Amino acid sequence: MAKELTPRAENYSQWYNDLVVKADLAEQSAVRGCMVIKPYGYSIWEKMQQELDRRFKETGHVNAYFPLLIPKSFLSREAKHVEGFAKECAVVTHYRLKVNDEGNAVVVDPEAKLEEELIVRPTSETIIWNTYKNWIKSWRDLPILCNQWANVMRWEMRTRPFLRTAEFLWQEGHTAHETYEEAEAEAQRMLNVYADFAENVMAVPVVKGVKSETERFAGAVDTYTIEALMQDGKALQSGTSHFLGQNFAKAFGAQFQNRNGELEYVWATSWGVSTRLIGALIMAHSDDNGLVLPPNLAPIQVVIVPIFKGEEQLKQISEKLAPVIAELKQLGISVKYDDADTKKPGWKFAEYELKGVPVRLAMGARDMENGTIEVARRDTLTKETKSLDGIATYIKDLLADIQKNIFQKAVDYRKQNIKTVDTYEEFKQEIEKGGFILAHWDGTAETEAKIKEETKATIRCIPFDSYVDGDKEPGKCMVTGKPSKCRVLFARAY
RNA sequence: CGAGAUGUAGCGCAGUUGGCUAGCGCAUCUGGUUUGGGACCAGAGGGUCGGGGGUUCGAAUCCCUUCAUCUCGACCA
């Protein structure tokens, strides 16, 4: 056994770390907190990008690119914003290196100090609003609907592959609008795009809602979020969309003449999802045998393994399979035919299971004689022997079925792990078991802080939709007994 | 940034009362036999023992120092 995963039950974090490395998604780099995303992991990101980008374009957005480096002064224009990010910014102070006097190392040239230091972007609101203010003079210039695919850097103390790294890849949408209502609707619309993507492409069910003041993005009026539940019972914030009000417009002096000829500050949104989604994908579906990828994101949807003795037999099997491969490709299915004779079939089976390939086909001498093929599905780990006739359409349907099944499993899991509690004592017990908890809260930051302090649980969001009977009805805060409008979603989170 | 642990071949580890040429498993390479769930035999290559300094006739082993990683806290998409 070349590659063994730590079982989830034994050590969930270790399982996750093992999987990331052994499934060839990413590895540790020479730079603290930064990872190398390997080709297999990156191709999952590329598929995510394709699906998201298409949805952004369909909703009228265009892509652009803004600089990596931001003048330090920009960050401090919005008071809350700087407060939120100042502690985790990397700063560029010099623009030149030189060889030291001993001639054996390069050192920073003290002569080359920057007049104004530059910040490696933790997010781009400031540089973008400094730019947008020049683009916007009239209501006729609005809306601006831009997105950028970029890297950002947040100097985190503790990092984990995909879930929290110092540098990560993401997209950030930044839009400018004429009215409060239009911007607010945009923030909601993009949250819905994220939720649709999470559920239909990633097969990860999410709870949509609004963040409490404490958890809100620094500089936003409101932050909307999609929250997913991982297999260890912890929540993962998987995407956020912010209604920024006029905060950044005011900070950067972005005004326009409205339809009444008056000067007004521009209304804004921003929204993003990151490579963290790969972490969500792993922790939502995978098992002790390795990754389980939903067909809609799997870089390889079908792998075909020939089982042969000698070159002559391989040739015969390959000929038999060629039309099947062609037909699958015609149906838009990504296929890998692994006829390498350097690895045994058993090794390949284990390897592709580890990598989460949704469907595996195998053909040996027996199948060839019978005109059959072995079909194995990753999500259920079941095998069946099927006739070669009509196999391609069968596989196409099977992939759709697997996508549906993976999602349903995740929905069922969430259903089993979403509870309501009415007393704080009960809450303390339940939170130890993990999962989502719907409970009443008095709406104050003090109570929220007390709960976090005592239980490590945070308010993930105030959900938009109802998940259990009566969760939208008023009640009494489980801690203080003060009135509460509706139940809010608690969990321990990543 | 606080507490603890660990650094020996690509990976996982043994060796640490100071003493021969630093070892084992996996991986790698060569040749052969194999191929329906992580094959077998034979041979081979691969090491600044995390870095620096010290003690000593002699250091992976003892001392000092430094760096890195992991776990747990504080902080966070």
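Just so it is clear, the values below take in all heavy atoms, side chains as well, and ignore hydrogens, waters and symmetry mates. Computed from a prediction, not measured in an experiment: that's the story for all the values here. Chain A is the first sequence line, chain B the second, and so forth, proteins listed ahead of strands; every chain is numbered from 1.
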Between CG of D338(A) and C1' of G38(B) the distance, given in whole Å, is 14 Å
| query | Can a salt bridge be assigned to the pair D287(A) and R8(A) using a cut-off of 4.0 Å between side-chain N and carboxylate O? | reply | no
At 4.0 Å (heavy atoms only), tell me whether Q237(A) reaches a base, stays on the sugar-phosphate, or touches nothing. sugar-phosphate
Applying the 3.5 Å cut-off to both distances, the Watson-Crick or G-U partner of C24(B) turns out to be G12(B)
Donor-acceptor pair (no angle test) under 3.5 Å: K383(A) side chain, G36(B) base: no
* Rounded to whole angstrom, note down the P distance from U71(B) over to U34(B). => 47 Å
Separation of U35(B) atom P from E312(A) atom CD, nearest Å, is 16 Å
Original post:
Base, sugar-phosphate alone, or nothing: which one does R360(A) contact when heavy atoms must sit under 4.0 Å apart?
Top reply: base
Check the phosphate of A39(B) against K343(A), side-chain N and O only, distance under 4.0 Å to OP1 or OP2. Yes or no? no
What's R158(A) touching, base or sugar-phosphate or nothing? Going by heavy atoms closer than 4.0 Å. base
A42(B) and G52(B): how far apart are their P atoms, nearest whole angstrom? 40 Å
In whole angstroms, the gap separating P of G32(B) from CG of D341(A) amounts to 13 Å
Inset, instruction - Could you give the distance separating C62(B) and C49(B) at their P atoms, to the nearest angstrom? - result: 15 Å
Checklist line | Separation of the P atoms in C67(B) and C24(B), to the nearest angstrom | finding: 36 Å
To the nearest angstrom, the CD-P distance between E88(A) and C75(B) comes to 13 Å
Provide the distance between the two P atoms, one in U65(B) and one in U28(B), to the nearest whole Å.
43 Å
Considering only heavy side-chain atoms of E351(A), the closest of G38(B), G36(B), U35(B) is G38(B)
Of the listed C75(B), U69(B), U35(B), the closest approach to the R32(A) side chain comes from U69(B)
Which of C70(B), U35(B), G37(B) is nearest the side chain of F308(A)? It is U35(B)
When rounded to whole Å, the CG to P distance for the pair D18(A) and C26(B) reads 20 Å
Winner on side-chain proximity to K456(A), out of U35(B), G73(B), G38(B), is G73(B)
For A42(B), the nucleotide meeting Watson-Crick or G-U wobble distances (both under 3.5 Å) is U30(B)
The residue, A350(A) or G310(A), whose nearest nucleotide of RNA chain B is more 5′ is G310(A)
Can you check the distance between U69(B) and G58(B), where both ends of the measurement are the C1' atom (answer in whole Å)? 32 Å
note: F85(A), atom CZ; C75(B), atom P; distance rounded to Å ~ 17 Å
Practice task
Describe the nucleic acid contact of D367(A) in one word from base, sugar-phosphate, nothing, applying a heavy-atom distance below 4.0 Å.
Solution key: base
Considering every strand and a 4.0 Å limit on heavy-atom distances, what is the contact class for F217(A): base, sugar-phosphate, or nothing? nothing
Greater than 12 external heavy atoms within 6.0 Å of W149(A)'s CH2 = yes
Under a 3.5 Å limit on both distances, the Watson-Crick or wobble mate of C49(B) is none
On RNA chain B, more 5' by nearest nucleotide between T159(A) and Y494(A) is T159(A)
- Message: Distance check, C1' atoms only: U66(B) and G7(B), in whole angstrom units.
- Response: 14 Å
The nucleotide from G36(B), G38(B), C75(B) with an atom nearest the side chain of R366(A) is G36(B)
| query | Just to confirm, is there a sub-4.0 Å distance from OP1 or OP2 of C11(B) to any side-chain nitrogen or oxygen of K22(A)? | reply | no
Taking a pair to mean Watson-Crick or G-U wobble geometry with both distances below 3.5 Å, A5(B) pairs with U69(B)
Only residue of E454(A), E453(A), E446(A), E448(A) satisfying side-chain hydrogen bond (donor to acceptor under 3.5 Å, both in side chains) with K450(A) is E454(A)
Open item on the list: Please classify the nucleic acid contact of T165(A) as base, sugar-phosphate, or nothing, using heavy-atom distances under 4.0 Å.
Closed with: base
Atom NZ of K348(A) and atom P of G37(B) are separated, to the nearest Å, by 13 Å
Report task. If the plane angle is over 60° it's perpendicular, under 30° parallel, otherwise tilted; pick one for Y194(A) and W271(A). Result -> perpendicular
Handout entry: Euclidean distance for C1', A39(B) against A27(B) (whole angstrom)
Key = 15 Å
Worksheet entry | Ring centers of F490(A), F427(A) separated by less than 6.0 Å | yes
When rounded to whole Å, the NZ to C1' distance for the pair K87(A) and A74(B) reads 11 Å
So L236(A), base contact, sugar-phosphate only, or nothing? Heavy-atom distance under 4.0 Å. nothing
TODO: On the 0 to 90° scale, with breaks at 30° and 60°, tag the Y132(A)-W129(A) ring pair as parallel, tilted or perpendicular.
DONE: perpendicular
Using Watson-Crick geometry (N1-N3 plus N6-O4 or O6-N4) or G-U wobble (N1-O2, O6-N3), each under 3.5 Å, G18(B) is paired with none
request  = Flag the pair E353(A) and R360(A) as a salt bridge only when some basic side-chain nitrogen lies within less than 4.0 angstrom of an acidic carboxylate oxygen.
outcome  = yes
TODO: Carefully, step by step, assess L244(A) and E125(A) under the rule side-chain contact (heavy atoms from CB on, under 4.5 Å).
DONE: CA-CA 10 Å; L244(A) 301 174; E125(A) 276 76 7; 4.2 Å; yes
